Amino acid sequence: MAMDKTFDASAAEKRIYDAWEASDAFKAGANKSRDETFTIMIPPPNVTGVLHVGHAFNNTLQDILVRWKRMQGYDTLWQPGQDHAGIATQLMVEKKLAADGLPKRAEMGRDAFLEKVWEWKAESGGTIIEQLKRLGASCDWSRNAFTMSGAPNAPEGEEGNFHDAVIKVFVKMYEDGLIYRGKRLVNWDPHFETAISDLEVENIEVDGHMWHFKYPLANGATYTYIEKDEDGVTILEEERDYISIATTRPETMLGDGAVAVHPSDERYASIVGKLCEIPVGPKAQRRLIPIITDEYPDKDFGSGAVKITGAHDFNDYQVAKRGGIPMYALMDTKGAMRADGRPYAEEAATAQAIVNGEETFDEAKIAAMNLVPEEYRGLDRFDARTRVIADITDEGLAVMHDVTRVEKNDDGEKVEVTETVPYVEAKKIMQPFGDRSKVVIEPALTDQWFVDTDKIVGPALDAVKNGDVTIMPESGEKVFYHWLENIEPWCISRQLWWGHQIPVWYGLDLASHGFTDDEGDGALDIVEMMGLLSRQTLLDGNEQHHAASTFDDVKDQFSNVMAKLPIPLSNARVVEVADKATAAHTLAECLAQYAMDQDPTKLVYPVWRDADVLDTWFSSGLWPFGTLGWPEQTPELDKYFPGDVLITGQDILFFWVARMMMMSQAVEGENPFHTVYLHQLVRDEKGEKMSKTKGNVVDPLVVVDEFGADALRFTMAQMAALGGVLKLSEDRIKGYRNFGTKLWNAFSFAEHYEIPNPGDTSMPVVSQTLNKWIIGETAKVRETVDHALTDYRFNDAANALYAFTWGKVCDWYLEFSKPILQGDDAAAKDETQKTLRWVLDQCLILLHPIKPFITEELWGLADSRAKMLVHADWPTYTAAGLVDAEADREMNWVINLIESVRSNRAQTHVPAGAKVPLLVQSLDAKGQSAWDNNHVLIQRLARIESLENVTDFPKGCVTIPMDGGTFGIPLEGLIDVPEEIARLEKSLGKLAKELGGLRGRLKNPKFVESAPEEVIAETRENLRLREDEEAQIKAAIARLQELG
RNA sequence: GGGUGAUUAGCUCAGUUGGUAGAGCGCUUCCUUUACACGGAAGAUGUCGGGAGUUCGAGCCUCUCAUCACCCA
């Protein structure tokens, strides 16, 4: 059966992939012939993900390494899987519910919603896996992991250990004091109504405005405001009864706790410590806030005075913390102005009392206060802004300035009109957006769980510093240090449903509620308990919490605390309820019941579980061991952890890499891998980010459809220079598709010449120079490829294979073999046939990690094979063992001569088909033997008719200087003499430049003194050759001139 | 504002202890010679972003400027 003209990738790829899978070719340990393991953990794509070029690139590199190591006989595992992508998945399912006209999430409730998510996952969650298969990814799919596996509500088929792992790690870290709960300013996504980490926030520069408002000083106080220029000359001096504040977010003024100025700012020094009025809200309850000093304000920015709204700005938060300024939260979870709490008049009065020092405050008290005046309550934050601006301006408290513009008056004449208008600067501001929701992120003061990263960052930092973990390229290390050395606490709670629910239960802190024993008799009497109930303080009070893997475990912890309470509470049974309100209600009810029947066995102590879930990256941080069965001590965990290499995008160095390192160290005390290979974002051919809005997105599957997976993979490998920018262009992919066809045609060549293809040939013992040479070249490229892959220089490996296969095997070896294959020397023919098959097999083996499909297909053409190519043995022969210096020299001489003759022919317009005679002068013995051995090849490929020894070249002869003799092509009458002279003179000019440099260096005594011996020798040799060349060209010109 | 990196042929990029620049694609010319036109042969194209310094010698090291990109504020 004749081979097809080209490789039909679309038809073959699926068939080949299925064959690999059917033979379990990718299973952990498949093709193992040694004990060393090689483990790569796939960076888990989102379960909602679809394959993009970034995945394609990333997974191609992983596959190259894995296939290479597997062929080398390592016990290889490429562990696949996906993460559950909390926000993205929840969003997707919510959208689907809406599209299907089903009840909303809140309407259907948590359990029903999660059921829907799992349903969605079963239907669509495997998309990206199928797509990775199309690329040829050789993961052990039987081990596919999922970060939500084993969750309590997981359906059949989703059993697994990940939930256990996550919960266990949380509890351990909680018990070790590495996780804590706190009220902190976090990035709040008002769309998803959840906290998100600062890494999930995109800061984008947008057109914004800066408004300038007057905060009147209390009690009509005034001061002299003096503005000076750079030279200290007064440019403005006026009496003011206000301080001017610039803000981009006027709606947050309602929560201001102070106005801050820089301590060195002379303009405001006289009013520091005084009070000023927030110029918004009902006139009767205008709040007064202090003017304080802090290092934060920039004297040159705005007015130099900054309003401090601790609960709504990260910088202000720090100032407020330093200054003990209350942080009033103004918004609800949706980003609307709060509508809860007491009437504004009462809240404002309390706030004023706090400022006046008449009332104390704590976090909880401040958090409960709502300082939004009634007229703004319930408004969206952006509507509130508009209203606040309008109200302040109406009241005349906006800073005004004059604007002059040209208008046409009633008569149509242009006139200048000057108006005094509010001073509003239009300016670019950096605004935070949720990377999923795309809405403006609101800093919000909320109770969240945090990992105390400061305490676990050390080992990760050390691992890189002491070289246990290498980050490539090296620049990644600097970035890594910089980030880890300035690490912020990691907020791990998310107000979502899709995720691992935090294993913490809360109970009312009865001790702090006055469940005290007035009589000191170790028991509470009815009066004491009823007194407590009547105070109705249960809901406002404090809580205590405990973490445990299960409710049963946590029950004991609560019981232990309860035991310290007076009888009969000490005997109350711990029960789980839905939430705090239910808990308070349940407790009150059972106490009331007890009051009637005095039956202590009916007393219960209700606790409720934290409703929030953990950040997806918390589970992803456990990926290196969670995928291997941890916390079970599985054989896989034992064997494949720690892994070897992590290949991932530079953009998730912090998101994920650092967290895996911290978590592996915190949990297992080991680094999860020894090498991190970071790559950049794949961009379009112009170097721009791919984005849907720009329409420059390259879909890797479309590329695969058009050019085949191998072409895409080879392109990816070829681009993968360490630290390089990745620009993907279709022309390139096309070029490498052509390379596949070239390889295909080399086999078609072998078929055409009817070369036997028994399969699995061993390296032939050869006597032909040609065969010795190509075997040596093969050994060289094998070494180059291994070195390149060892150093993660995928581009070098790809380029070396391209140059070898095309530039050596196809361009020269196959051409050279033709006369032998067609010739009568049976022994030479047999040897060459065997060598040719062997060399082609080596091409397949060495190319297989990069181009798995076409190579497997060609491999399968042999009569028989012991194994599929995916499991073929990777060669270990060396250049030292196989390169024959003499054969090398001779073949290079032949190639050189052929190229020179061709070049001269082409440049002197000898018709391509014409055969020309060749002359040679003073050919030495080596040259003669090289000619004798290879003249058939030379004559065929350079179209030479005959060789004649001459003592002098005739006039009009083009000369070819070679090592061991000078060749000449007599061209009298065939060439354009002036053109040829011009050509030679041009090369003479180039030579002269080179000669000048070489002579200059050698003449310089300092060069001869300080340069290494071999460099000097090389330079001398180079000079000698160039001078030789120059002489020959000059001689050639002279001969041509005689003609003219 | 801080950090990191980039700037080399028309385009996309290599260039590994500093020794005088390479590849692919594209382009020009020629060739349908029985593996391959997704091919073959030949060819042209670079003050290696600007400037300064170290050195016998700098694309590579140092400083500086410019432009661009990305990350973090």
Side-chain angles (χ1 to χ4, degrees), chain A residues 3 5-7 198-199 201-203 298 314-315 430 432 473-483 486 650-651 653-654 680-681 683-689 707 711 715 718-719 721-753 787-788 791 793 795-796 798-800 802-803 806-807 810-811 814-815 817-818 822 898-899 901-913 940-943 983 993-994 997-998 1000-1012 1014-1016 1018-1019 1022:
Chain A
M3 281 176 72
K5 207 167 152 54
T6 56
F7 175 56
D198 50 1
L199 293 170
V201 176
E202 287 173 9
N203 289 294
D298 177 350
F314 284 96
N315 290 311
M430 288 303 272
E474 215 177 325
S475 61
E477 297 189 354
K478 288 187 198 164
V479 179
F480 186 78
Y481 295 145
H482 187 258
W483 191 72
N486 299 290
Q650 203 179 42
D651 49 334
L653 178 62
F654 310 134
Q680 297 204 356
L681 212 68
R683 303 155 192 282
D684 74 0
E685 55 200 315
K686 293 187 198 109
E688 291 182 29
K689 251 182 171 173
F707 300 107
T715 310
Q718 203 279 339
M719 290 197 301
L722 266 172
V725 177
L726 307 171
K727 296 186 195 173
L728 186 64
S729 88
E730 194 174 289
D731 278 346
R732 235 163 188 222
I733 302 169
K734 198 160 128 192
Y736 293 118
R737 185 269 321 265
N738 295 353
F739 173 53
T741 305
K742 189 72 181 176
L743 178 69
W744 185 263
N745 277 310
F747 279 79
S748 150
F749 171 97
E751 190 194 45
H752 179 84
Y753 282 86
H787 286 144
D791 294 342
R793 297 195 321 262
N795 57 323
D796 286 353
N799 287 334
Y802 186 101
W806 199 317
C810 292
D811 284 352
L814 296 188
E815 290 299 330
S817 71
K818 281 178 184 174
Q822 291 164 335
I898 293 169
E899 285 186 330
V901 173
R902 280 174 172 173
S903 175
N904 279 288
R905 288 173 55 120
Q907 298 211 20
T908 52
H909 309 302
V910 175
R940 180 188 181 113
L941 294 179
R943 300 211 146 244
R983 185 174 77 88
K993 229 170 121 185
E994 273 187 72
L998 291 167
R1001 268 197 281 166
L1002 287 167
K1003 268 187 205 155
N1004 185 336
K1006 283 191 179 167
F1007 172 71
V1008 184
E1009 272 167 42
S1010 44
E1014 64 270 20
V1015 172
I1016 297 169
E1018 202 183 304
T1019 310
N1022 210 346

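In this text the structure is predicted, and so the values were computed from the model without any measurement. Residue numbers begin at 1 in each chain, while the letters A, B, ... track the order of the sequences.
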What is the nucleic acid contact for [X], judged by heavy atoms within less than 4.0 Å: base, sugar-phosphate only, or nothing?
X	result
A:F314	nothing
A:Y802	sugar-phosphate
A:K5	sugar-phosphate
A:T741	base
A:E815	base

Donor-acceptor contact present, side-chain A:R793 to main-chain A:H787, <3.5 Å: no
Test item: A:S903 side-chain N/O and A:E899 main-chain N/O as donor-acceptor pair under 3.5 Å: no
Nearest whole angstrom, please: distance from the [atom2] of [N] to the [atom1] of [X].
X	N	atom1	atom2	value
A:F707	B:G24	CZ	C1'	15 Å
A:H752	B:U33	NE2	P	13 Å
A:F7	B:C38	CZ	P	18 Å
A:R940	B:U33	CZ	P	14 Å
A:R943	B:U33	CZ	P	10 Å
A:D791	B:U16	CG	P	13 Å
A:W806	B:A41	CH2	C1'	14 Å
A:M3	B:C38	CE	P	17 Å

Would you indicate which nucleotide in [options] comes nearest to any side-chain atom of [X]?
X	options	result
A:N795	B:C36, B:A14, B:A42	B:A14
A:C810	B:A35, B:U16, B:G43	B:A35
A:E899	B:C38, B:A42, B:U34	B:A42
A:D811	B:A37, B:G40, B:G24	B:G40
A:A906	B:C56, B:U16, B:A42	B:A42
A:R737	B:U34, B:C38, B:A37	B:C38
A:D796	B:A35, B:G40, B:U16	B:U16
A:F1007	B:G19, B:C38, B:G24	B:G19
A:R902	B:U33, B:C38, B:A42	B:A42
A:N738	B:U16, B:C38, B:A35	B:C38

Can a side chain N or O of [X] be found less than 4.0 Å away from OP1 or OP2 on [N]?
X	N	answer
A:Y736	B:G24	no
A:K818	B:C36	no
A:S903	B:G43	yes

Give me the distance, rounded to whole Å, that separates [N] from [M] when you measure between the [atom1] atoms they each carry.
N	M	atom1	value
B:A9	B:C60	P	15 Å
B:A41	B:A52	P	44 Å
B:G26	B:A69	P	29 Å
B:U8	B:G15	P	14 Å
B:A21	B:G59	P	9 Å
B:G51	B:A58	P	14 Å
B:C61	B:U17	P	12 Å
B:A14	B:U55	P	32 Å

Just name whichever nucleotide pairs with [N], Watson-Crick or G-U, keeping both distances under 3.5 Å, else none.
N	answer
B:G57	none
B:A14	none
B:A41	B:U29
B:G1	B:C72
B:A66	B:U7

Residue pair A:F1007 / A:T1019: nearest heavy atoms and the distance that separates them: CZ-OG1, 3.9 Å
Heavy-atom pair with the smallest gap, counting every atom of A:Q718 and A:N799: NE2-OD1, 3.1 Å
Flag side-chain contact, heavy atom, 4.5 Å: A:L941 against A:R902: yes
Contact check, side chains of A:S817 and A:Y753, non-hydrogen atoms, under 4.5 Å: no
Whether over 12 other heavy atoms sit under 6.0 Å from A:K818 NZ: yes
Side-chain-base donor-acceptor pair under 3.5 Å for A:K742 and B:C36: yes
Spatial distance of atom NZ (A:K734) from atom OG1 (A:T715) [nearest 0.5 Å]: 12.5 Å
Contact nearer the 5' end of RNA chain B, comparing A:I898 with A:A746: A:A746
Within the 6.0 Å centroid threshold, strictly below: A:F707 and A:Y736: no
